[in-house]
Amino acid sequence: MRNPVTLILTAISTPVILAAQTVQRFPRPDFESDYSAPLLTAPAARWFGWEYLDVLLLILALALAGHLALRRRSRRGLLALAVFSLLYFGFWRQGCICAVGASQNVTAAWFQTEYLIPLPVLAFFALPLLFTLFHGRTFCAAVCPLGAIQELTVWRPVKLPLWLNHTLGMLPWVYLCLALLFAATGTGFLICRWDPFVGFFRLGAPLSMLLFGALILAVGLFVARPYCRFLCPYGVLLGLCSRLARRHVTITPAECVQCRLCEDACPFGAIQARPGVYFPATGWRGTTTTWRWPCKWSRPMPGHPPD
Amino acid sequence: MTQASTTPAQPEKLTRSGFLRRWLGGLSLALVAGLAGATSWKSKRKTQVWQLDPHKCVHCGNCEHACVLKPSAVKAVHAYVLCGYCKLCGGYHHPQAKNLDTAAESQLCPTGAIKRTFIEDPFYEYTIIEEKCIGCGVCVKGCSQFGNGSLFLQVRHDRCVNCNDCAIARVCPVQAFRLVPADEPYLLKGV
Amino acid sequence: MTKKTMSILTVAAGLALTMLLIQRLRQLAPRPAAPSSNPRIAAYEEQTGAFMQVDPELILYHETAALRPPGLATVTAVATDDEHRIYAGGGRQLVVMDRTGTELRRMTFTAAVTCLATDPQNNLYVGLGNQVESYKVDGALRTRFTGIRQEALITSLAADGEVVFAADAADRKVMRFSADGVLQLTIDGRENAGGPGFSVPSPYFDVFLGQGRTLWVVNPGRQRLEEYNYDGEHIGGWEDAPGLQLENFCGCCNPSHAARLSDGAIVTSEKGIARIKIYTRRGAFTGVVAAPGMFDSQILSLDLAVDAHDRILVTDPARVKIRIFELINYTDNHNE
C-alpha cells in the first residue's frame with residue numbers, strides 16, 4: 001500500500017545517485033563496445049516532514065478534542081474528529097508512529113545506550129499525557145486511531161459486571177510492565193508486535209496480527225472498546241494523568257435529575273454513582289455521577305454541597 | 001447531546017481533596033514535562049530508518065514474507081561495479097538450466113525480475129526490474145555462491161513504512177537489520 | 001461462586017494467557033541461522049545440493065594429512081618444492097613447514113600474500129598484490145620484480161628457473177619475467193592466439209607450467225584451459241561446458257585454481273561448489289580428488305600445489321589448513 005503523495009514526491013525528487021562507482025573492488029571487464037554501466041540508484045527516502053506534520057496535527061486534534069468535550073460537549077463533534085483521526089493517523093499514516101507504541105521508544109532511549117529517539121516520537125508520547133493533565137482522556141476519545149476504530153464499531157454494547165470490569169482492568173498494568181521490560185532489555189517492541197489494528201491500517205499483516213485484530217473488533221461489537229479498557233498499556237499512564245486532570249467532562253449537576261439512566265447507557269461502564277456530592281436541581285445528596293471517557297477510576301467531581 | 005456549560009453552578013470552594021489533587025496535578029505535569037525534556041537529551045531530529053547490512057545478510061529468504069508489506073519492502077539491488085558480466089550467471093540461471101539462455105525455465109528468479117542484456121562477447125548485463133522483485137533473495141544466494149556477490153538485498157525506502165518494530169528485523173537470523181539515519185538510508189556493497 | 005473467587009480465577013486466567021504470550025514471543029525471538037523457512041531458498045539449496053553428491057567410485061584420492069600452518073589466521077596460497085617443504089601464505093604472513101607441519105621459517109610482508117611458487121632450484125616467488133618478490137631457499141631476498149602496473153593484482157605465479165610467469169587478474173594478462181625479475185613479454189591471449197582474450201570476472205586467474213616449456217593459463221570466464229608456448233602463442237587447450245554437473249565447471253568463473261601432475265594430467269579446483277577434480281591433458285574428466293562434502297564452506301579459494309610425489313596440496317581457508325591428498329590406488333587413470 002503506497003501513499004500516492006509519497007509516490008509523487010519520490011518521482012519528482014531526483015533519485016539519490018550513490019557514490020558506488022568511486023571505489024572498485026575488482027576491475028570491470030574492458031568493454032570494447034561503448035558500454036558504460038548504469039549508476040547504482042536508490043529511491044529517495046520518504047519525506048520525513050510528514051512526521052512533523054503529524055505532531056502538528058496531533059496538537060491541533062488534542063486541542064480540538066478538549067474543546068469539543070469540555071466546552072461544546074459535542075458528541076457528534078468528537079465522533080467526527082475520531083473519524084478524521086482514524087483516516088489520517090490510521091489509514092493514511094498507516095498507524096506508525098502512535099502514542100501507545102511510543103512509550104517503548106522512550107523506555108528504549110533510557111535503557112539502551114545506542115538507541116536514539118526521534119523527536120516526533122517523543123512528542124507523540126508526551127503530548128497526549130500533557131493534554132490529559134488538563135482535559136482528561138480526550139486523546140482516547142477522539143484522537144487515538146486505535147480507539148477510533150473501536151469507537152466506530154461498537155454495535156450492541158453490553159454492560160460488564162463491575163467485578164469483571166475491574167478485574168480485566170488490571171491487565172493493562174501487566175501489559176505495560178511487560179512491554180516496558182521488553183523495550184528496556186531490547187528484546188522487542190511488544191506493543192507494536194501485538195498492535196491489533198495496524199494490519200488493517202496497512203491493509204496487510206501477518207495472519208496472527210490480523211486474527212488478533214479481528215478478534216478484538218468482534219469482541220468490540222458487544223464489549224465496547226475492549227483494547228482500550230482491558231489491554232492498552234498507554235491507557236494506564238493516561239488514566240493516572242486523568243485522575244489529576246484540571247478539568248473533566250461531567251454530568252451537569254445543575255440540571256441532573258438523578259434518573260441514573262446514563263449509568264446504563266454508557267457503553268464503557270464509566271459512569272458510576274458515588275456518594276457525597278450535592279445536586280442543586282433536586283436537592284439530592286449522596287450520589288454523583290462522573291461522566292468521562294473510558295476510564296475506570298471514577299471520583300466525585302462536579303458540584304459541592306453548600307455548607 | 002448536552003449543550004449546557006460545565007461551569008459549576010456555585011463558586012468552587014477549595015476542599016482538602018481538591019487542593020491535594022491540584023497539587024498532585026501540578027507535580028505530575030512537571031513530571032511528564034521533565035521526563036520528556038530529559039528524554040530529549042537522547043533524541044535526534046532526524047528520523048532513523050531500517051536497513052539491512054548486506055555484508056551480514058545470509059539470504060535466508062525471510063525478507064520475502066516477514067515484511068508487513070506484500071510484496072516486501074526489501075528488494076534485490078545490483079552493484080554493477082562488482083559484477084563479472086558473465087554469460088553463466090549464478091544469480092540469473094537456474095542451477096539445473098540446460099541452456100544459458102533467457103528462457104523462463106532457465107531463470108532462477110521466480111518472477112522473472114532480472115533482465116539480461118547482451119553487451120559483447122562474452123559479457124551480459126543483468127538488471128533488476130524492481131517492480132517485479134519480491135525480495136526472496138534467491139538470486140542473491142546464487143550470486144553469492146557462484147559469483148562476486150554483486151546482487152544484494154536492501155530495504156527500499158520508497159516502500160518501507162518504517163514500522164516502529166520492524167517485522168523482518170525480528171526474524172532475521174543474523175541481526176543484519178539496524179536503524180540508520182534517514183538521510184543516508186542505504187547500506188551498499190561495492191561502495 | 002462468589003465474586004471474589006471469580007475475580008481470582010480471572011486474574012489466574014490472565015496470568016496464564018500472559019505466560020502463553022511470553023512463550024510465543026520466545027519462539028519469535030532471533031535464532032541462529034537455520035535452514036530457511038522460505039521454500040524458494042530451500043528448493044534452491046536442494047537443487048544445488050544435489051550436485052554436491054559424488055559417486056564414491058569416482059573418488060580417486062584420499063586425505064592423508066591436514067597441516068595447520070602455525071600462527072596463520074587464514075591460508076590462501078600454497079607451494080611446495082623438491083625437498084618437500086611446504087610454503088603456506090595467509091594475510092601478510094608466510095610459513096615454511098617441513099612435510100610434518102613443523103615450522104622451519106616465517107616471513108612477514110608489507111602486503112597480503114596472493115600467490116606462491118617455487119622453481120627447480122627451490123627459489124621461492126611470492127606474489128603480493130601488485131608486487132612479486134623472489135627469495136633464496138634460506139630466506140634471503142633475491143630480487144624484486146620490475147615492470148608491474150600499480151593497479152595489478154597478481155593471482156598466480158609459475159617458474160621453471162629460467163623464466164617466471166605472473167598472472168595479473170586486474171589486467172587479464174600474463175607477464176613473462178626473467179628469473180631475476182625483468183619483464184620480458186606480456187601474453188593477452190588475443191593477438192598471437194587470435195582468441196578473444198582472457199575473461200576474468202572475479203579475482204581468480206591461475207597459471208601453471210606444462211610439460212616441455214609450455215604454459216597453461218586458466219581462462220575462468222570461459223571455463224577454459226589454454227596452453228601457450230613461452231612466446232605467448234596459443235598451441236592448444238580445451239573448454240568444458242559450464243554447469244553444476246560433476247564433469248563440468250560450475251559457476252561463472254571456474255576453475256579458480258589448477259595445477260599439473262607429473263604425467264601431464266591437470267588438477268582443478270572450483271568455488272561455488274567446492275570440489276577438486278582431475279582431467280587429462282586433453283580435457284577428459286577422469287575423477288575426483290576431493291568432493292564438496294569434504295569442505296565446511298562451498299565458497300572457498302582452494303589453491304593447489306603438487307609435490308614431487310604427485311601429492312596434491314590444497315589450501316582450506318575455512319579450517320585454516322593445508323590438506324594433502326594422495327592417490328588411493330595406482331590406476332591408469334592419469335595415463336593417456
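Chain A is the first sequence line, chain B the second, and so forth, proteins listed ahead of strands; every chain is numbered from 1.
For the residue pair A:P38 and B:Y80, the shortest heavy atom distance occurs at O-CD1, 3.4 Å. Scanning all heavy atoms of the two residues, the minimum distance from B:R156 to A:P43 falls at NH2-CD, 3.2 Å. Across all non-hydrogen atoms, the minimal contact from A:W110 to B:T39 is NE1-OG1, 2.9 Å. Nearest heavy atoms, A:L133 versus B:L29: CD1-CA, 3.3 Å.
Proximity to chain A (any heavy atom under 4.5 Å) is shown, for B:A167, by neither the backbone nor the side chain. When heavy atoms are compared at a cutoff of 4.5 Å, B:L27 does not approach chain A at all. For B:Q154, no part lies under 4.5 angstrom from a heavy atom of chain A. Proximity to chain A is limited to the backbone of B:C160, based on heavy atoms less than 4.5 angstrom apart. In this structure, no portion of B:D183 lies under 4.5 Å from any heavy atom of chain A. Of the atoms belonging to B:H78, it is backbone heavy atoms, and not side-chain ones, that fall under 4.5 Å from chain A. Heavy atoms of A:D195 lying under 4.5 Å from chain B are absent altogether. In this structure, chain A has a heavy atom under 4.5 Å from the side chain of B:V49, while its backbone stays farther away. Proximity to chain B is limited to the side chain of A:L122, based on heavy atoms less than 4.5 angstrom apart. Heavy atoms of A:Y115 lying under 4.5 Å from chain B belong to its backbone as well as its side chain.
Among A:A102, A:G101, A:A126, A:A109, the residue with the largest count of heavy-atom pairs under 4.5 Å with chain B is A:A109. Note: B:N164 leads B:V32, B:L31, B:V77, B:N164 in heavy-atom pairs under 4.5 Å with chain A. Residue with the most contacts toward chain A among B:E125, B:E130, B:H65: B:E125 (heavy-atom pairs, distance under 4.5 Å).
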Worked check of side chain to side chain contact (heavy atoms under 4.5 Å, CB included) between A:S33 and B:I119: CA-CA 8 Å; A:S33 54; B:I119 301 172; 3.6 Å; yes
A:Y35 vs B:Y85, ring pair (Phe, Tyr, Trp, His ring centres under 6.0 Å): CA-CA, chis, key distance, verdict: CA-CA 12 Å; A:Y35 170 80; B:Y85 291 85; 5.6 Å; yes
Residue pair A:Q94, B:C163: steps toward the side chain to side chain contact (heavy atoms under 4.5 Å, CB included) verdict: CA-CA 9 Å; A:Q94 306 195 328; B:C163 295; over 6 Å; no
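Annotation: the span from B:D165 atom CG to A:Q104 atom CD amounts to 7.0 Å, rounded to 0.5 Å. Annotation: the span from B:E120 atom CD to A:D34 atom CG amounts to 9.5 Å, rounded to 0.5 Å.
No side-chain heavy atom of B:V161 sits less than 4.5 Å from a side-chain heavy atom of A:C96.
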